[in-house]
Each structure stands twice: as structure tokens, then as C-alpha cells.
Amino acid sequence: MKSTQLAQISTSHDYTGATSNPIYLATAFQHEAVGHSTGFDYSRTKNPTRSHFEDAFARLEGGIASFATSSGMASIQLILNLFKPHDEILVSFDLYGGSYRLFDFYEQQYQLKFTYIDFNDLERVRASINEHTRALFIEPISNPQMQSVALEPIYEIAQEFRLLTIIDNTFLTPYLSTPLEDGADIVLHSATKYISGHNDVLAGVVTVKDETLAVQLGQFHNMIGATLSPFDSYLLVRGLKTLHLRMDRSIDNAKRLSQVLNENEAIDDVLYAGTTGMLSVRLNKAYNTREFLKHLEVCIFAESLGGTETFITFPYTQTHIDMPDEEKEKRGINEQLIRISVGIEDFEDINADILQALTKSKAVEVIV
Ligand code: PLP
């Protein structure tokens, strides 16, 4: 069912019989008279092409409304508008460096408080909740350590204490999980990643199932204006049509790669949750990460994930560059850690490339 839903997502039903949706570039829509509207007035508020994506995406997530934004960070910022100074949010200890950077800024600038915890430690979760706590912000598979969180008990705690549960589901997508149906209140994605799938769109999307939240976020979306362009909205619909095929292939490749790397003496640790196309590895100290990255020929040394190509990222100087060194150290984000977004190429090519780059990155002992 999900494959059919994705393959035929948002097929056009207009008078031409076109099988894909038109891109409405208009920023303004004509009114017949005062008080008469087609439902579209001004594209920041609502655009037909963006609505095609948002409506289809909300159905996919089991929500009632989605809001497409100009980046994943804009989605997170949209959500933060729900909170007031001195509100506190409990956050996954290990998470995307850009989210950490934004939270740090909001803490300094707007007196929101962010407390980082391991959501698998339920006692700690309960002990961290106080009268100011308003929400939980969770990466169910954390970036970059790939730790998975058991969400069921978290939803129960959130309900008990009337906290909003916000899930950054970027690594999983609605193909693999639909947190709103399980108990979450807000789900967001960096749609730049698997949703787009081709490393050519910067986008985010927030989805909710509650009417009040939908109205509030709709107002912020229009008011702030970091909305997604019609062309990018069209590309997201196009990307979604093959999400299931891309995810299946990438997960299959990632599983095989994690097994092979587990056996490799150059790798001290493979961090893999077993359910996604993302994994991280810690290189043994005898191997130089910077040399490894320099010698890649098939895999691409770049800072993103979820596309058709295998991307290898160096969190220490890329995704987590603005995290203070002591915080990086606590999370094991150091010179030996690399993150791999396994693409949909032939497994043999990815594997051979990583092996040859590892061989070339072994430090040569100088004998005097
Ligand atoms: N959330 C996660 C888990 C991410 O990995 C990223 C970006 O890498 C973001 C959010 C931010 O998304 P964007 O880069 O589209 O702003």
C-alpha cells in the first residue's frame, strides 16, 4: 500500500488530464470581488503547488496539516515559535549540530532552556521534567551516533506530564515510521535529505495531527515567511514517488556495508541502528581520517545525506563544527569519526572504494 501511495502521490486531477501537477509560479491570485477568494490569495500564505506537496505529505504521515519550509532548520525554527522565555525543552543528547547551534542561540537570545538527555534512560527523563518543561525534542535515530530511542514509553511520559513530543524523523521518513500515528504531536524532516532524495532541493516539512497546533503553526508559517518555493515543492513530490525504492536499496547497502566494516581491522566501531541507510564508523588510530576522505573516488566527501549518491561526512569539522569541543568530546565526535549516508549505487563499488581509501589512509610508521 505504501509503495502505491508513494508512486502515485499527488497525481493531478485537473481538466487537462495531466498526470503530474503543474507548477504555479504566481505569487498573487485574482479576486472577483471583496470577500471572494479561490482559497489562494498570496503565495506566502498558500500556493497550489506547495499545497499539493503539503496535503500529500500530511496524508502520508497520518496528520491533518503539513507546512513546507525553505530548509529543515526553518522547520525547527517554525516549531520553536510555540514556546516562550523560560520554557524548557528536553532534547536528545546526541543530535544534529545545526539543531544544537540553533538551540544554543535561542537559549542565549530568548531565554528558552534546552536540557540534553538520553531518552532511553527513563528515570533521567522523569527526573528532568519540572514545572517549566513544555516539550521533548527527539531524534529517534541520532545524528551522528545512530543511537535508537524506544519511543513508546516516552509517549506515555509525555502524555502523563502533558508535554509536546517533537520528532525529527529525517533519517527515517514516513516510509519507515509515522510517529504521529504512534503518539507524537509534531514531526519534522529536513526534506533536503531522503524526501527530496537527489541532493538538489533545500527544504523542510512540519506535520501535526491536532487542529490547534495546525492553526498556530499555519499562522507562524505565513507570518515568518520561510515557506517553500513552488518549484522546490514540485521536486519534493517527484522525489517522494521513488522514496520506497531508494530507501530499500540504501538500507540494503548499509546493512551489507556495516557487516563488512565490522570485520575490518581499520574500524574500531560501527555505529548502525540496523534500520536506516545511515551509519557512522570510528577509524582505528592507525588510520588517518583526512587521508581517507582525500582518497575517495566513488563515494563523495560532502556534508549531507539521504541522496542517491553515497556521501561521507566528517562531523568533527562539518555538521558539528559549531558545537564546543568539550561537548563534541562527550559525544565522541572526534577526528576518528565519519558518517556514511549509504547511497543506491552497486554495493561492490561502494565497498571497494571505501576499502581502497582505508588502505591508503594507514599511517606509515617511520623507522629511524
Ligand atoms: N535535522 C537533521 C537530523 C539533519 O541532519 C539536518 C541537516 O543535516 C537538519 C535537521 C537541518 O536540515 P537542513 O539542512 O535542511 O536545514
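Atoms within each ligand, like the ligands themselves, are counted from 1 in listed order. Given the structure is predicted, the values throughout are model-derived calculations rather than measurements.
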Legend entry - Polar contact flag for G72 and ligand 1 (N/O pairs, less than 3.5 Å): yes
Inset, instruction - Spell out, as yes or no, whether a donor-acceptor pair under 3.5 Å connects the side chain of R282 to the backbone of I338. - result: no
Inset, instruction - Answer yes or no: does an N/O atom from N143 fall short of 3.5 Å to an N/O atom of ligand 1? - result: yes
Inset, instruction - Return a yes/no value for S99: is any of its N or O atoms, backbone included, closer than 3.5 angstrom to an N or O of ligand 1? - result: no
Inset, instruction - Return the residue, atom name and 0.1 Å-rounded distance of the protein heavy atom closest to atom 8 (O) of ligand 1. - result: K193 NZ, 2.9 Å
Inset, instruction - State yes or no: are the ring centers of F40 and Y24 separated by less than 6.0 Å? - result: no
Legend entry - Check: F114 ring centroid to Y106 ring centroid under 6.0 Å: no
Legend entry - atom 10 (C) of ligand 1: the protein heavy-atom neighbour that sits closest, reported with distance to 0.1 Å: D168 OD2, 3.6 Å
Legend entry - Which segment of A203 sits under 4.0 Å of ligand 1 when only heavy atoms are counted: backbone
Legend entry - Of all pairs that satisfy salt bridge (charged side-chain N to carboxylate O under 4.0 Å, His left out), the ones with a partner from residues 292-303, not counting sequence neighbours: E291-K294, E297-K360
Legend entry - Atom CD of E123: over 12 foreign heavy atoms under 6.0 Å: no
Legend entry - Contact check: M73 vs ligand 1, nitrogen or oxygen atoms, below 3.5 angstrom: yes
